[in-house]
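Data first, discussion second: the structure below is written as C-alpha cells.
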Amino acid sequence: DTPESTEETEKKMEKGSIIVQGVKISNPDKIIFKEPQITKADIVRYYARVSERMLPYISHRIMSVVRCPKGISEACFFKKHPNPGSKGISTISIQSDDGETKECFYIEDEFGLLNEAQMGTVEFHVWGSKAEQIEKPDIMVFDLDPDVGMDLGTVRQGVKDLKEILSELSLVSFLKTSGGKGYHIIVPLKPSDSWEVFHDFAGRVAQVMQRKWPEKYTNNIRKHKRTNKIFIDWLRNGKGATSIAPYSIRARQGAKVSMPISWDELETIAPDGIDMNEALGRISGEDPWKGFFSVTQGLK
C-alpha cells in the first residue's frame, strides 16, 4: 500500500480505534493469529483490499461466518443468524424443509464486508444461490477432501480427473485452493434448476468418479470409507449448505486463504499454499477467474 492511499482510507481515532473505509474498528491491535502475528486491523485491511475481487462471489448470498473475537487460539464460533444491531447486513426469512422460518443474512457491499470483519469474522461461507433467486442455485462446488497424509500428486490427479468428467459434460469449471488439505472445483451455472435437480446432478458427478475409479475416490461421507481415497464432497450443493468463499481467510494456523488460481497453477500451488500476504500480492495481477460471470451454461 502506498502511504497516501492508507492515509485516505484510515484515520487514527481516540481510544485506540481506527477507521478503515468508513468503518470504525475497535481493538485494531488485538492479535487474531499468533504465527505469523496478525492483528484484527490486518484482517480488516485485507478484506478492504480484496473486496473488489471478493464481493461478486459473496454479495447477495446468504452467509454463515466464523467469528474469532478472541483470536483463533480461543473458541471460534459459526454464526448463521443476524444480531440485532448488526451493521451493513440485509436480513431474509428462509423457510426450511420442516416448515420452520429462520432469519438469515447477507451483505451487499464493502461496508457490510468490513463490518463483519469488525465483529471478529475471519471466515465467510456462502450459499450456492443469490438471495433474489433463492430457489435457483447458480454456483456448484466440489470439494476434494483427501484422506490424512495423502500424497499431493494423488490429490492433484483427483482434480484433473474431476475436471475431465465435467469437461465431458461440456461444463466449464474453475479452481481454487481450500486453504486446507484439498482443492475446490467451482462450476458457474445459469440460475434455472431447482435445488433438487442441482443437488442430484452434483451427486451423480461424484458417483461417476467413484464408479470409474473405485480404488481412488468415494462419494461416501463416512470416514472409514475414505481410507487412502479422496472424498468427492458434493454435499455442499443442497439448499442451506454453504461453502468457503473465494478470497476468504481460514481461521487456522498460518492464515491461509481459499484462493482462486488458474488451472495451469495446479502443479505449483498446494491447497494451503497461499496465505494472506501472497493473496494480496496476487490480486494486483491478472484475475485467474476472469470471465467467471460471463459463463452461461446449464445442467445437461
Side-chain angles (χ1 to χ4, degrees), residues 54 56-67 76-82 89-107 116 121-145 162 166 171 173-207 209-210 217-223 225-226 230-248 250-251 258 260 271 292 299:
M54 184 178 188
Y57 302 99
I58 64 169
S59 76
H60 292 260
R61 288 181 191 274
I62 293 174
M63 54 174 52
S64 302
V65 297
V66 175
R67 286 189 177 167
C76 294
F77 60 93
F78 236 109
K79 184 174 168 46
K80 291 185 168 189
H81 307 293
I89 63 164
S90 299
T91 58
I92 182 170
S93 296
I94 298 293
Q95 198 167 8
S96 57
D97 293 339
D98 55 14
E100 202 183 340
T101 301
K102 291 190 170 147
E103 282 286 294
C104 297
F105 71 98
Y106 60 90
I107 62 169
E116 273 305 312
T121 294
V122 176
E123 288 190 9
F124 291 85
H125 298 246
V126 288
W127 276 40
S129 66
K130 286 212 151 194
E132 293 78 7
Q133 291 180 295
I134 210 80
E135 298 299 339
K136 303 279 188 220
D138 61 356
I139 289 185
M140 188 174 280
V141 178
F142 294 96
D143 176 0
L144 282 83
D145 190 359
L162 179 50
L166 292 167
L171 290 173
S173 57
F174 293 80
L175 178 65
K176 70 180 173 78
T177 65
S178 65
K181 52 187 180 55
Y183 293 94
H184 294 168
I185 293 184
I186 313 294
V187 184
L189 293 155
K190 288 184 300 212
S192 53
D193 292 302
S194 68
W195 278 109
E196 195 181 356
V197 168
F198 188 80
H199 185 253
D200 285 357
F201 184 91
R204 288 207 306 277
V205 170
Q207 206 172 30
M209 294 282 286
Q210 180 175 291
Y217 309 115
T218 177
N219 63 355
N220 194 315
I221 193 167
R222 291 192 175 83
K223 290 274 188 207
K225 297 276 190 188
R226 295 199 215 174
I230 296 173
F231 169 44
I232 309 294
D233 185 354
W234 56 280
L235 298 166
R236 296 166 195 279
N237 299 300
K239 184 179 177 181
T242 58
S243 60
I244 188 78
Y247 302 98
S248 177
R250 302 309 304 258
S258 182
F292 185 94
L299 301 178

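Only a predicted model underlies this, so the values are computations on that prediction, with no experimental measurement involved. Residue indices begin at 1 and follow the sequence shown. Reckoned from all heavy atoms, side chains included, excluding hydrogens, waters and symmetry mates.
Partners of F174 according to the ring-ring contact (aromatic ring centres under 6.0 Å, His included) rule, which considers only residues two or more places apart in sequence or in another chain, are W289, F292. H60 is linked by a side chain to side chain donor-acceptor pair (under 3.5 Å) to E132, counting only residues two or more places apart in sequence or in another chain. Not counting sequence neighbours, F231 has no partner by the ring-ring contact (aromatic ring centres under 6.0 Å, His included) test. Residues satisfying the side chain to side chain donor-acceptor pair (under 3.5 Å) test with D145, not counting sequence neighbours, are K181, R226. Looking at residues two or more places apart in sequence or on another chain, you find a side chain to side chain donor-acceptor pair (under 3.5 Å) between E103 and S93. Not counting sequence neighbours, Y247 has no partner by the side chain to side chain donor-acceptor pair (under 3.5 Å) test. Residues satisfying the side chain to side chain contact (heavy atoms under 4.5 Å, CB included) test with Q95, not counting sequence neighbours, are T101. Applying the ring-ring contact (aromatic ring centres under 6.0 Å, His included) rule to F198 yields the partners W195; only residues at least two apart in sequence or on another chain are considered. Take S173 and apply the side chain to side chain contact (heavy atoms under 4.5 Å, CB included) test, not counting sequence neighbours, and it matches K163, L166, I185, V187, W263. Applying the side chain to side chain contact (heavy atoms under 4.5 Å, CB included) rule to S90 yields the partners Y106, E108; only residues at least two apart in sequence or on another chain are considered. Applying the side chain to side chain contact (heavy atoms under 4.5 Å, CB included) rule to P56 yields the partners F293; only residues at least two apart in sequence or on another chain are considered.
Closest non-hydrogen pair, G203 versus N219, comes out as O-ND2, 4.5 Å. Of all heavy-atom pairs spanning N220 and R222, the tightest one is OD1-N, 2.9 Å. Between T121 and E116, the shortest heavy-atom distance links the atoms OG1-OE1, 2.8 Å. P271 and G182 get closest at one heavy-atom pair: CB-O, 3.0 Å.
Counting only heavy atoms from C-beta outward, the side chains of I62 and V126 never approach each other to under 4.5 Å. Using a 4.5 Å cut-off on side-chain heavy atoms (C-beta onward), I232 and Q210 make no contact. Within the 4.5 Å cutoff, side-chain heavy atoms of F201 are placed close to those of L171.
When each of K190, R61, K130, Q133 is paired with D138, the side-chain hydrogen bond (donor to acceptor under 3.5 Å, both in side chains) condition holds for R61 and for no other.
By the neighbour-count criterion of 12 heavy atoms within 6.0 Å, atom CD of Q207 is densely surrounded, having more than that number from other residues, nucleotides or ligands.
One distance of note links SG of C104 with NZ of K80; it measures 8.0 Å at 0.5 Å rounding. We find the CE-NE2 distance between M140 and H199 to be 9.5 Å, quoted to the nearest 0.5 Å. For the atom pair S258 OG and K176 NZ, the distance stands at 3.0 Å (nearest 0.5 Å). The CD1 atom of I92 sits 8.0 Å away from the CH2 atom of W127 when rounded to the nearest 0.5 Å. Distance OG1/T91 to NZ/K102: 16.0 Å, rounded to 0.5 Å. How far NE2 of H81 is from CZ of F105: 9.5 Å, rounded to the nearest 0.5 Å.
Within the 3.5 Å criterion, the main-chain N or O of A251 finds a donor-acceptor partner in the side chain of E123. Side-chain N or O atoms of S129 include none that pairs as donor or acceptor with a backbone N or O of P137 at under 3.5 Å.
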Result block: side-chain N/O donor-acceptor pairs under 3.5 angstrom for residues 237-246, not counting sequence neighbours:
residue : atom : partner : partner atom : Å
N237    : OD1  : V141    : N            : 2.8
N237    : ND2  : V141    : O            : 2.8
N237    : ND2  : W234    : O            : 2.9
K239    : NZ   : E135    : OE2          : 2.6

